[in-house]
Number of protein chains: 2
Amino acid sequence: MKGRLTARQNEAYEFIRAYQRRHRKPPTLQEIGEALGIRSTNGVFKLLQALEKKGYLRRDPGAARGLHLLDTEDPFALTDEIPSLPVVSRTASHEPERLRTRPVAFLSVDPFFLPRGLDPDTCLIGRAGDDGMSGEGIFKGDLLLIEETPWRTLNNRELVACLVGELLLARRFVFANNRIHLQPANRTYLEEVFPPDDPGCYIIGRIRAIFRRLP
Amino acid sequence: MKGRLTARQNEAYEFIRAYQRRHRKPPTLQEIGEALGIRSTNGVFKLLQALEKKGYLRRDPGAARGLHLLDTEDPFALTDEIPSLPVVSRTASHEPERLRTRPVAFLSVDPFFLPRGLDPDTCLIGRAGDDGMSGEGIFKGDLLLIEETPWRTLNNRELVACLVGELLLARRFVFANNRIHLQPANRTYLEEVFPPDDPGCYIIGRIRAIFRRLP
DNA sequence: TAAGAAAGTGAAAATATTTTTACCATGTCA
DNA sequence: TGACATGGTAAAAATATTTTCACTTTCTTA
């Protein structure tokens with residue numbers, strides 16, 4: 001990167017950047033042209049050549065959408081796909097086997113919320129069914145990003161999502177004296193204790209993130 | 001939709017569905033083929049024809065990626081783009097004019113969090129700078145989806161994000177007696193009161209959503 | 001002020017990518 | 001057996017995208 005950019009070149013550069021953010025892939029010459037009001041793809045072509053010569057851009061000659069911005073060191077890789085996670089339906093949610101069947105929706109989740117390459121296929125979204133964890137800032141209706149995992153792999157005091165009595169709940173998980181303790185963070189709720197493998201209590205996995213839409 | 005699908009047809013159907021979720025557009029025949037282990041695009045082509053005949057699929061003949069699943073009535077339109085919103089940097093954040101310059105990152109946000117076609121270009125992401133709204137489940141470090149809007153357009157008791165003393169804060173907004181009141185939801189914090197247009201207090205806009213990544 | 005760079009227009013040519021067609025083979029199943 | 005599903009090869013057709021060519025306009029600047 002060396003040469004200074006002209007105003008127009010900068011516009012093109014910024015457009016490519018913005019386009020990539022939104023579409024997670026580079027634009028075509030036509031799309032750039034439309035955005036900048038350039039009717040001829042050749043006009044765009046020359047802009048790109050200039051950007052390339054000045055070292056802001058690399059092109060794969062001939063390839064469709066073969067543009068690569070060079071300086072960009074965005075904290076999040078732009079090429080990552082955005083995982084789309086199933087939102088478990090309320091009605092199906094009290095049967096562990098059916099957690100992933102008939103999701104009511106899908107939610108696109110930025111990879112930022114899946115730390116260290118956590119596999120999106122092991123994750124799902126559930127809604128908190130009560131205010132039992134309001135002390136931890138989780139309210140009824142909040143969307144929980146859940147990493148499905150067997151309860152044996154959990155550490156004590158992790159936040160977990162579980163199915164108890166037809167409800168999907170957030171709770172603090174503690175395993176002690178061969179009992180699973182589900183601790184609320186709200187004085188009006190009671191701790192619940194289950195023997196392992198009690199059919200009335202199914203631990204889905206650990207909560208990795210919380211999303212709340214305000215009214 | 002009528003005919004029953006064969007196992008293979010179902011695989012193709014499900015793949016298209018999954019692909020659409022992730023890429024927000026239909027796959028090409030080749031991509032389907034790769035996924036199902038079919039070397040010839042023609043093999044795929046026939047699968048698609050079968051799906052179309054059975055009424056599971058509509059095709060735009062000749063068009064690239066011209067596939068449309070028919071039963072899919074997902075609550076969220078799959079064709080929506082996923083907006084990518086700037087995350088304001090902490091250092092630049094105490095100068096209102098620089099809110100959008102030098103974002104530290106971008107976060108892809110599902111349109112679900114932008115109700116009623118709220119323009120993504122008016123939104124940005126900030127981090128809560130203190131625990132002043134812990135009573136409302138907003139903690140220091142939480143990501144706030146902020147709809148930028150002049151404070152005059154706000155209703156009383158809305159949750160807002162504001163810049164006060166080098167910090168980006170979440171507060172409850174009340175305008176009364178020609179004063180802006182910023183009310184915390186945490187007994188250890190105090191209500192702050194400013195005259196309108198006090199340079200020490202800038203209201204960025206209303207908070208539309210909250211995202212929290214757990215450790 | 002003449003030369004050169006930047007920015008364009010419009011059309012045509014060249015490539016890439018994707019879909020369609022034609023034809024062949026195998027297996028299943030009523 | 002005959003209809004249908006599955007899959008393969010190869011090539012043709014259609015579409016999408018990039019590249020080149022010829023020529024214009026508008027600045028900048030030595």
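Numbered from 1 within each chain, the chains take letters A, B, ... in sequence-line order. Note that the structure is a prediction, hence the values are computed from the model and not measured.
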> Rounded to the nearest Å, what distance is computed from the CD atom of residue E11(A) to the C1' atom of nucleotide dA7(C)?
12 Å

> Counting only heavy atoms and a strict 4.0 angstrom limit, can you tell me which residues of residues 40-51 of chain A come near DNA chain C?
S40(A), N42(A), G43(A), K46(A), L47(A)

> Extract all donor-acceptor atom pairs below 3.5 Å that involve side chains of residues 37-46 of chain B and protein atoms in other chains or at least two apart in sequence.
residue, atom, partner, partner atom, Å
S40(B), OG, N42(B), N, 3.4
S40(B), OG, G43(B), N, 2.8

> In Å and rounded to the nearest 0.5 Å, what is the CG to CG distance from L29(B) to L47(B)?
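L29(B) CG to L47(B) CG: 10.0 Å, rounded to 0.5 Å.
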
> Figure out the CZ/P separation between R59(B) and dT19(C), and round it to whole Å.
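The answer, rounded to whole Å, is 9 Å.
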
> Can you run down the ring-ring contact (aromatic ring centres under 6.0 Å, His included) pairs that involve residues 148-173 of chain A, sequence neighbours left out, and say none if there aren't any?
W151(A)-F175(A)

> Just by distance, do the side chain of Q9(B) and the backbone of T6(B) share a donor-acceptor pair under 3.5 Å?
yes

> Between the side chains of K140(B) and D130(B), is the shortest nitrogen-to-carboxylate-oxygen separation below 4.0 Å, so that they form an ion pair?
no

> With rounding to the nearest 0.5 angstrom, report the CZ to CG distance, R206(A) to L144(A).
14.5 Å

> Under 6.0 Å from the six-membered ring centre of F112(B) and within 45° of its axis: does the NZ or CZ of R213(A) meet both?
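Yes - R213(A) lies over the ring of F112(B), closer than 6.0 Å to its centre and within 45° of its axis.
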
> Run the side-chain donor-acceptor check on residues 194-205 of chain B: report pairs under 3.5 Å with partners two or more places apart or on a different chain.
residue, atom, partner, partner atom, Å
D198(B), OD1, G200(B), N, 2.6

> Are E136(A) and R172(A) ion-paired here, with the side-chain N under 4.0 Å from a carboxylate O?
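Yes, charged N to carboxylate O under 4.0 Å.
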
> I'd like the 5' and 3' limits of the part of DNA chain D contacted by chain B, with heavy-atom contacts below 4.0 Å.
dA5(D) to dT15(D)

> Report the distance from atom CZ of F113(A) to atom CG of L214(B), rounding to the nearest 0.5 Å.
10.0 Å

> Pick the closest DNA chain C nucleotide for L36(A) and for G66(B) by heavy atoms, then say which residue is nearer the 5' end.
L36(A)

> So, is R8(A) near the phosphate of dA6(C), with a side-chain N or O under 4.0 Å from OP1 or OP2?
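For R8(A), the contact criterion (side-chain N or O under 4.0 Å from OP1 or OP2 of dA6(C)) is not met.
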
> Expected output is a numbered-order residue list: members of residues 27-35 of chain B with a heavy atom under 4.0 Å from any atom of DNA chain C. What is it?
T28(B), L29(B)

